Peer 1: 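One structure, as structure tokens, below. Some questions next.
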Amino acid sequence: MAITTERGSTTTSSAPVDDGPRRTSRTGPVLLTTLTWILGIGFFFPVLWMVLTAFKTEGDAQSSPPTFVFTPTFEQFRTVFDAGIGPYLANSLGATVISTLLVLLLAIPAAFALSMRPVEKTQDVLFFFISTKMLPVVAAIVPIYVVVNDIGLLDNIWTLIVLYTAMNLPIAVWMMRSFFLEVPSELLEAATMDGASLARTLREVVLPIISPGIFATGLICVIFSWNEFFFAVNLTSANAGTMPTFLVQFVTSQGLYFAQLSAAATLAALPVIIAGWVAQNKLVQGLSFGAVK
């Protein structure tokens, strides 16, 4: 910028540059990242504290103020294994895996039919499916208990498998239908023109495309089944008890054993955490399926 003085001389000066917007654009992502880390640590801290408590003695676990520096011990884990965690873990694995497979076997063709070959009043059918989730479980436990007792399946793992399948099927149909709707119709038309049957089109064309959605739906069903407590505590006792009912053993009339309960809860959460870690890529793809065109 040129400036003329009284004596006729000319000087050149540069105008200052406003760095305000640039600084804002730089600090914005930093603040967002910091806030995200704070929220993430806040959500994860209870899980971290549970794992740390599992390696404490009961004295350190119940100390006030909390003990942050302690000598780790595996005593609580030995107590949990001595309490007989094996059958409960096997029951949970069996009920969760079998019910999830049944849910997927039933939900995939149902969702495919409702998305690619919709019937009249499809929305009414979908609402009927999801309306079964609106019934409070406590309102249905008495008739379920009576029926299960009359047919001789009380305290039986197959009772939980059937109930978990019925419990997860509506939400699985809804989720799978949304994934099927994202499949381009041109692919189905091309497969039909090539002479592929409906079953072959579903098996060789559609399912590979929506495989991330299948993993996401299956993992959500696994989490729901693994964490289910109400049916398990009311319909099982000695033979078909699952991991949530096993945790109740550490809540006694003498008090709450924090260290033992934390060790048992850590072992109970470990299979689901491993499953989520193994399928994390498919889970992210499935949950974001169709979000970006």
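Not measured: the values here are computed from a predicted model.
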Peer 1: For S211 and P208, indicate whether the former's side chain and the latter's backbone hold a donor-acceptor pair under 3.5 Å.
Peer 2: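 Checked: pair present.
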Peer 1: Side chain to side chain contact (heavy atoms under 4.5 Å, CB included), that's the test. Do I141 and L235 meet it? Break it down for me.
Peer 2: CA-CA 9 Å; I141 190 61; L235 301 177; 4.3 Å; yes
Peer 1: So with a 6.0 Å cut-off around CE of M134, is the heavy-atom count from everything else above 12?
Peer 2: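 Yes, because the 6.0 Å sphere around CE of M134 holds more than 12 heavy atoms from other groups.
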Peer 1: Quick one: do L247 and L261 satisfy side chain to side chain contact (heavy atoms under 4.5 Å, CB included)? Show the steps, please.
Peer 2: CA-CA 7 Å; L247 299 179; L261 183 60; 4.2 Å; yes
Peer 1: Is it true that I144 and L135 fall in one hydrophobic cluster, defined by side-chain heavy atoms closer than 4.5 Å?
Peer 2: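 Different hydrophobic clusters.
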Peer 1: Working to the nearest 0.5 angstrom, can you tell me the gap between I98 CD1 and I157 CD1?
Peer 2: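 Taking CD1 in I98 and CD1 in I157, the distance rounds to 8.0 Å.
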Peer 1: Does any N or O in the side chain of T73 come within less than 3.5 Å of the main-chain N or O of E75, such that one atom is a donor and the other an acceptor?
Peer 2: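 Checking the backbone N and O of E75 against the side chain of T73, a donor-acceptor pair under 3.5 Å is found.
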Peer 1: Judged by atom type as modelled, is there a donor-acceptor pair below 3.5 Å linking the side chain of K56 to the main-chain atoms of Q62?
Peer 2: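 Such a contact is absent between K56 side chain and Q62 backbone.
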Peer 1: Rounded to the nearest 0.5 Å, how far apart are CD1 of I220 and OG of S225?
Peer 2: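 Going from the CD1 atom of I220 to the OG atom of S225 covers 11.5 Å.
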Peer 1: Strictly distance-based, threshold 3.5 Å: is any side-chain N or O of T217 a donor or acceptor partner for the main-chain N or O of I214?
Peer 2: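 Not confirmed, T217 side chain does not pair with I214 backbone.
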Peer 1: Could you check F250 against V80 for side chain to side chain contact (heavy atoms under 4.5 Å, CB included), going step by step and ending with a plain yes or no?
Peer 2: CA-CA 9 Å; F250 300 96; V80 170; 4.0 Å; yes
Peer 1: Identify the heavy atoms of A263 and F77 that sit nearest to each other, and give their distance.
Peer 2: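 Reported closest heavy-atom pair: O-CE2, 3.9 Å.
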Peer 1: Rounded to the nearest 0.5 Å, what separation is found between the CG atom of L207 and the CD1 atom of I108?
Peer 2: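 The CD1 atom of I108 is 5.5 Å from CG of L207, to the nearest 0.5 Å.
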Peer 1: Using the rule that Ile, Leu, Val, Met, Phe, Trp and Tyr join whenever any side-chain heavy atoms are under 4.5 Å apart, tell me whether F179 and L187 fall into a single cluster.
Peer 2: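 Both belong to a single hydrophobic cluster.
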Peer 1: Enter the distance from Y88:OH to Q249:CD here, rounded to the nearest 0.5 Å.
Peer 2: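 Y88 atom OH to Q249 atom CD measures 4.0 Å (nearest 0.5 Å).
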Peer 1: Using a 3.5 Å distance criterion without hydrogens, assess whether the side chain of Q76 forms a donor-acceptor pair with backbone atoms of T53.
Peer 2: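 Between the backbone of T53 and the side chain of Q76 there is no qualifying donor-acceptor contact (under 3.5 Å).
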Peer 1: For A238 and D155, work out which heavy atoms get closest and say how close.
Peer 2: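 Shortest heavy-atom contact: N-OD2, 3.3 Å.
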Peer 1: Under the 3.5 angstrom rule, does the side chain of N149 hit a backbone N or O of Y145 as a donor-acceptor pair?
Peer 2: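 Absent.
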Peer 1: I210 versus E182: any side-chain heavy-atom pair under 4.5 Å?
Peer 2: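 Result no, sub-4.5 Å side-chain heavy-atom pair not found.
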Peer 1: List the steps, then state whether ring pair (Phe, Tyr, Trp, His ring centres under 6.0 Å) holds for W49 with F68.
Peer 2: CA-CA 10 Å; W49 189 253; F68 293 93; 5.4 Å; yes
Peer 1: Quick one, F180 with F112, criterion ring pair (Phe, Tyr, Trp, His ring centres under 6.0 Å). Give me CA distance, side-chain angles, the key distance, then yes/no.
Peer 2: CA-CA 6 Å; F180 278 119; F112 180 74; 5.5 Å; yes
Peer 1: Are there over 12 heavy-atom neighbours, none belonging to W158, within less than 6.0 Å of that residue's CH2?
Peer 2: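 It does not: W158 CH2 has 12 such atoms or fewer within range.
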Peer 1: Do T100 and V103 have side chains that get closer than 4.5 Å, going by heavy atoms?
Peer 2: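 With C-beta onward as the side chain, the pair stays apart.
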Peer 1: Examine F44 and I273 and state if one hydrophobic cluster contains both, with Ile, Leu, Val, Met, Phe, Trp and Tyr joined whenever side-chain heavy atoms are less than 4.5 Å apart.
Peer 2: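 The answer is no; the residues belong to distinct hydrophobic clusters.
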Peer 1: When clusters are formed by joining ILVMFWY residues with side-chain heavy atoms under 4.5 Å apart, either directly or through shared neighbours, do F215 and V97 land in the same one?
Peer 2: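 Not linked; separate clusters.
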Peer 1: Measure the acute angle between the ring planes of F74 and F55, then classify it against the limits of 30° and 60° as parallel, tilted or perpendicular.
Peer 2: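 Geometry flag for F55 against F74: perpendicular rings.
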Peer 1: For R200, what residues pass the salt bridge (charged side-chain N to carboxylate O under 4.0 Å, His left out) criterion, not counting sequence neighbours?
Peer 2: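 Expected list: E204.
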Peer 1: Carefully, step by step, assess T236 and T242 under the rule side chain to side chain contact (heavy atoms under 4.5 Å, CB included).
Peer 2: CA-CA 8 Å; T236 65; T242 57; 5.7 Å; no
Peer 1: So which heavy atom on G94 is nearest to which on I161, and how close?
Peer 2: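 Nearest pair, atom of G94 first, then I161: O-CD1, 4.4 Å.
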Peer 1: On a heavy-atom basis, which atom in L267 and which in I85 lie closest, and how many Å separate them?
Peer 2: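 Scanning both residues, the minimum pair turns out to be CD1-CD1, 3.9 Å.
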Peer 1: State, to 0.1 Å, how close T266 and A54 come at their nearest heavy-atom pair, and which atoms those are.
Peer 2: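 Nearest pair, atom of T266 first, then A54: OG1-CB, 4.0 Å.
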Peer 1: Spell out, yes or no, whether F81 and F246 are grouped together once hydrophobic residues are joined by side-chain heavy atoms under 4.5 Å, including indirect joins.
Peer 2: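 They do share one cluster, since a chain of ILVMFWY contacts under 4.5 Å joins F81 to F246.
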Peer 1: Which pair of heavy atoms, one from D60 and one from S63, lies closest together, and at what distance?
Peer 2: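 Distance-wise, the nearest heavy atoms are O-OG, 2.9 Å.
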Peer 1: CG/L48 to CG/L52 distance, rounded to the nearest 0.5 angstrom?
Peer 2: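 One finds 4.5 Å between CG of L48 and CG of L52.
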Peer 1: Look at the side chain of S92 and the backbone N and O of M243, then say whether any donor-acceptor pair between them is shorter than 3.5 Å.
Peer 2: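 Side chain of S92 to backbone of M243: a pair is present.
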Peer 1: Any donor-acceptor pair under 3.5 Å linking the side chain of W226 with the backbone of L93?
Peer 2: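 Side chain of W226 to backbone of L93, a donor-acceptor pair under 3.5 Å: no, none is there.
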Peer 1: Taking F230's backbone N and O only, do any of them form a donor-acceptor pair with N234's side chain (distance below 3.5 Å, no angle check)?
Peer 2: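 Present.
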Peer 1: State, without any angle test, whether Y257 and E58 hold a side-chain donor-acceptor pair at a distance under 3.5 Å.
Peer 2: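 Result is no, nothing qualifies.
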Peer 1: Is the shortest side-chain heavy-atom distance between F229 and V248 below 4.5 Å?
Peer 2: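 Sidechains of V248 and F229: in contact.
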Peer 1: Roughly how far, to the nearest 0.5 Å, is the CG atom of L106 from the CG atom of L169?
Peer 2: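 If I round to the nearest 0.5 Å, the distance is 5.5 Å.
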